**Student:** 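Below: one structure in structure tokens.
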Amino acid sequence: MRVVVVGSGIVGAAAGYELTRAGVDVVLVDSCAEGRATSAGAGIICPWSSQVDDPDWYRFAVAGAEHYPELLAALAADGETEFGYRRVGSLRLVTEAEADDALRRVAARAAESPMAGEVELIGAERARALFPPLGHDGPAVHIPGAARLDGRLVRDAMLRAAARRGARIVSGAAAIVAEDTVSGVRVDGEFLAADAVIAAAGAWSPRLLEPLGVRVRIAPQRGQIMHLRLPGVDTADWPVVLPRSRHYLLAFDDSRVVVGATREDGTGFDHRVTAAGMAEVLREALSVAPGLADATHVETRIGFRPVGPDIRPMLGTVPQVAGLIVVNGLGASGLTMGPYAGAVAARLARRAAPGIDLSPYDPLR
């Protein structure tokens, strides 16, 4: 059996890797367009404190978080161990008035997910000890099981492991060839025969699928995310900080603090760092962590999140084109859900049970 995966962000890379582990012949195709969401994403794994109330979204997000230990163990067995993954915990910042309700909500969720750890409410002094630049003077919900990772490194590790298992990686613009059933993918004149095709092209999926008469309601949402450095400061164990806004802060091993991000609709694929975007990110970050004021600006990354008609992922087969699997619409949760979504898509391509009820995630809704 051969499966062609179109798109090699974290979702496509995961699908390809899982398929090679199952002994499937795999070709991964990517256009290498600027602004792939995986390359810019922050890498926060903490669904338990999310403000999203949709139970189907939450079920998928927790499954995504809980998939990581299995994935990392498999990658380690394949010789891949460097991807910036660490369970550093998180701080959900709240006011005194919100504290009890926030703690009850998060603790109830964490009780059903052992990976989250023992949730507790901590005071401002302890929160600042954990994340020294903080200026927050109220309580915080501490979730010890939250993790952070570098999406680029995880993606690249899966691609290398898949290649060692025989996957072929092709760069170029893909066109799916199908009538009632997929027969393959054409890439710059080369035809790649396939028994199934996984469309994991993120925000670029509409242009990939429209020639087949398949319409997916996906639009690009630009996110600008800033990387700062605190020279000489050990940031390796700092927790993820989740303010009351939709912004965030997280740290990595190299004295680096990542702050973001904008959520800009209607930009198309305009791959630019803007003055307004940088101002928003810095304003939000410094209002929460004024101790970052003297940090060095390292870079600003841009990614186009694939946003669907609602918050839930879009994943499943396409009735009018046999052998076509669509996985998309992860929005701002791509690094939380991506490897799990890719693994489920891989099962569908092999005609195996997906392991989750996919009816809430219809890709054509």
Side-chain angles (χ1 to χ4, degrees), residues 1-29 38 47 56-75 77-78 154-155 157-159 161-163 165-168 176 178 181-182 184-185 192-202 205 209 214 216 306 308 312-330 333-365:
M1 180 182 194
R2 173 189 270 184
V3 177
V4 175
V5 182
V6 181
S8 63
I10 199 161
V11 175
Y17 178 54
E18 295 297 337
L19 286 165
T20 60
R21 291 181 66 207
V24 175
D25 181 16
V26 174
V27 182
L28 285 143
V29 181
T38 297
D56 295 311
W57 177 92
Y58 179 70
R59 185 179 304 111
F60 204 98
V62 170
E66 294 179 343
H67 176 71
Y68 266 100
E70 174 189 341
L71 171 63
L72 300 181
L75 286 171
D78 278 334
V154 176
R155 173 201 62 198
M158 290 189 290
L159 290 176
R165 287 176 172 271
R168 180 185 172 195
I176 300 172
T181 303
V182 296
V185 173
L192 304 169
D195 300 292
V197 172
I198 297 175
S205 286
L209 297 173
V214 176
V216 289
R312 296 191 302 276
M314 304 169 74
L315 173 58
T317 56
V318 176
Q320 64 266 42
V321 184
L324 176 63
I325 297 95
V326 173
V327 53
N328 213 313
L330 305 190
S333 305
L335 297 184
T336 296
M337 300 178 174
Y340 177 68
V344 173
R347 293 177 204 139
L348 293 177
R350 294 192 295 112
R351 300 175 178 84
I356 186 173
D357 176 12
L358 291 177
S359 56
Y361 314 109
D362 181 359
L364 303 185
R365 67 182 186 276

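For clarity, every value in this text was computed on a predicted model and none was experimentally measured.
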**Student:** Can any side-chain N or O of R365 pair as donor or acceptor with the backbone N or O of D362 at less than 3.5 Å?
**Tutor:**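 A pair under 3.5 Å: yes.
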
**Student:** Return yes if some donor-acceptor pair links the side-chain N/O of R347 with the main-chain N/O of P354 below 3.5 Å, else return no.
**Tutor:**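 Confirmed, R347 side chain pairs with P354 backbone.
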
**Student:** Once side chain to side chain contact (heavy atoms under 4.5 Å, CB included) is applied, do any residues pair with R351, and if so which ones, sequence neighbours excluded?
**Tutor:**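 Checked R351 against side chain to side chain contact (heavy atoms under 4.5 Å, CB included); matches are M1.
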
**Student:** Hey, could you give me the CE/CG distance between M158 and L75, rounded to the nearest 0.5 Å?
**Tutor:**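 These two atoms lie 7.0 Å from each other.
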
**Student:** Keeping to residues at least two apart or across chains, list the side chain to side chain donor-acceptor pair (under 3.5 Å) pairs with something in residues 319-330.
**Tutor:**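 Qualifying pairs: S205-N328.
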
**Student:** Where do I176 and V197 come nearest, in terms of heavy atoms and distance?
**Tutor:**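 For I176 versus V197, the nearest heavy atoms are CD1-CG1, 3.9 Å.
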
**Student:** Holding to side chain to side chain contact (heavy atoms under 4.5 Å, CB included), I want the full list of residues that pass it with A65, two or more places apart in sequence or in another chain.
**Tutor:**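 Side chain to side chain contact (heavy atoms under 4.5 Å, CB included) list for A65, sorted by chain: I45, P47, W48.
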
**Student:** Sequence neighbours excluded, which residues qualify as side chain to side chain contact (heavy atoms under 4.5 Å, CB included) partners of I198?
**Tutor:**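 Partners of I198 under the side chain to side chain contact (heavy atoms under 4.5 Å, CB included) test: V3, V5, A15, L19, A200, I325, V327, A345, A349.
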
**Student:** Quick one: pull up NE2 in H67 and CZ in F60 and give me the separation to the nearest 0.5 Å.
**Tutor:**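 So the gap between those two atoms works out to 10.0 Å.
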
**Student:** Tell me every residue that passes side chain to side chain donor-acceptor pair (under 3.5 Å) with D195, counting only those two or more places apart in sequence or in another chain.
**Tutor:**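 None.
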
**Student:** T181 side chain to A322 main-chain N or O, any donor-acceptor pair under 3.5 Å?
**Tutor:**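 Not a single qualifying donor-acceptor pair exists.
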
**Student:** Take L348 and L358, measure what side chain to side chain contact (heavy atoms under 4.5 Å, CB included) needs, and give me the verdict at the end.
**Tutor:** CA-CA 11 Å; L348 293 177; L358 291 177; 3.7 Å; yes

**Student:** Sort and list the pairs that fulfil salt bridge (charged side-chain N to carboxylate O under 4.0 Å, His left out) and have at least one residue in residues 61-70, not counting sequence neighbours.
**Tutor:**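 Passing the test, one end in residues 61-70: no pairs.
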
**Student:** Could you check whether any side-chain heavy atom of V26 comes within less than 4.5 Å of a side-chain heavy atom of Y17, counting everything from C-beta outward?
**Tutor:**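 When only atoms from C-beta onward are counted, Y17 and V26 do not touch, as no gap falls below 4.5 Å.
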
**Student:** Quick one: are L364 and M314 in side-chain contact, heavy atoms under 4.5 Å?
**Tutor:**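 Heavy-atom side-chain distance check fails, nothing below 4.5 Å.
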
**Student:** Please identify which of these residues, V11, V344, L71, L72, meets the side chain to side chain contact (heavy atoms under 4.5 Å, CB included) condition with P339.
**Tutor:**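 Of the listed options, the one satisfying the test is L71.
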
**Student:** Which heavy atom of P306 sits nearest to which heavy atom of G202, and what is that distance?
**Tutor:**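 Smallest heavy-atom distance, with atoms named: CB-C, 3.7 Å.
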
**Student:** How close do G342 and A14 get, heavy atom to heavy atom, and via which atoms?
**Tutor:**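 Here G342 and A14 meet closest at CA-CB, 4.1 Å.
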
**Student:** Rounded to the nearest 0.5 Å, how far apart are CG of L330 and CE of M337?
**Tutor:**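 The distance works out to 6.5 Å.
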
**Student:** Does any part of the side chain of L324, heavy atoms only, come nearer than 4.5 Å to the side chain of L209, both counted from C-beta?
**Tutor:**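 A side-chain contact exists here, since the closest heavy-atom pair is under 4.5 Å.
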
**Student:** Could you check if a side-chain atom of L315 sits within less than 4.5 angstrom of a side-chain atom of V326, using non-hydrogen atoms only?
**Tutor:**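 No, their side chains stay 4.5 Å or more apart.
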
**Student:** For the pair S8 and V29, evaluate side chain to side chain contact (heavy atoms under 4.5 Å, CB included) and give the outcome as yes or no after the intermediate values.
**Tutor:** CA-CA 7 Å; S8 63; V29 181; over 6 Å; no

**Student:** Residues in side chain to side chain donor-acceptor pair (under 3.5 Å) with R165, at least two apart?
**Tutor:**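 Listed in chain order: D78.
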
**Student:** Which residues pass the side chain to side chain donor-acceptor pair (under 3.5 Å) test with T20, sequence neighbours left out?
**Tutor:**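 Applying side chain to side chain donor-acceptor pair (under 3.5 Å) to T20 gives none.
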
**Student:** What's the shortest heavy-atom distance between A167 and L28, and which atoms?
**Tutor:**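 Reported closest heavy-atom pair: CB-CD1, 4.5 Å.
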
**Student:** Under the side chain to side chain donor-acceptor pair (under 3.5 Å) definition, can you give me all pairs with a residue in residues 333-345, not counting sequence neighbours?
**Tutor:**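 Sorted result for residues 333-345: empty, none.
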
**Student:** The criterion is ring pair (Phe, Tyr, Trp, His ring centres under 6.0 Å); which residues satisfy it with Y68, sequence neighbours excluded?
**Tutor:**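 Y68 satisfies ring pair (Phe, Tyr, Trp, His ring centres under 6.0 Å) with Y85 only.
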
**Student:** Which pairs pass salt bridge (charged side-chain N to carboxylate O under 4.0 Å, His left out) with one or both residues in residues 17-27, sequence neighbours excluded?
**Tutor:**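 Output for this query lists R2-D25, E18-R21.
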
**Student:** Who passes side chain to side chain contact (heavy atoms under 4.5 Å, CB included) against D56, sequence neighbours left out?
**Tutor:**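 For D56, the residues satisfying side chain to side chain contact (heavy atoms under 4.5 Å, CB included) (neighbours in sequence not counted) are D54, R59, R312, P360, Y361.
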
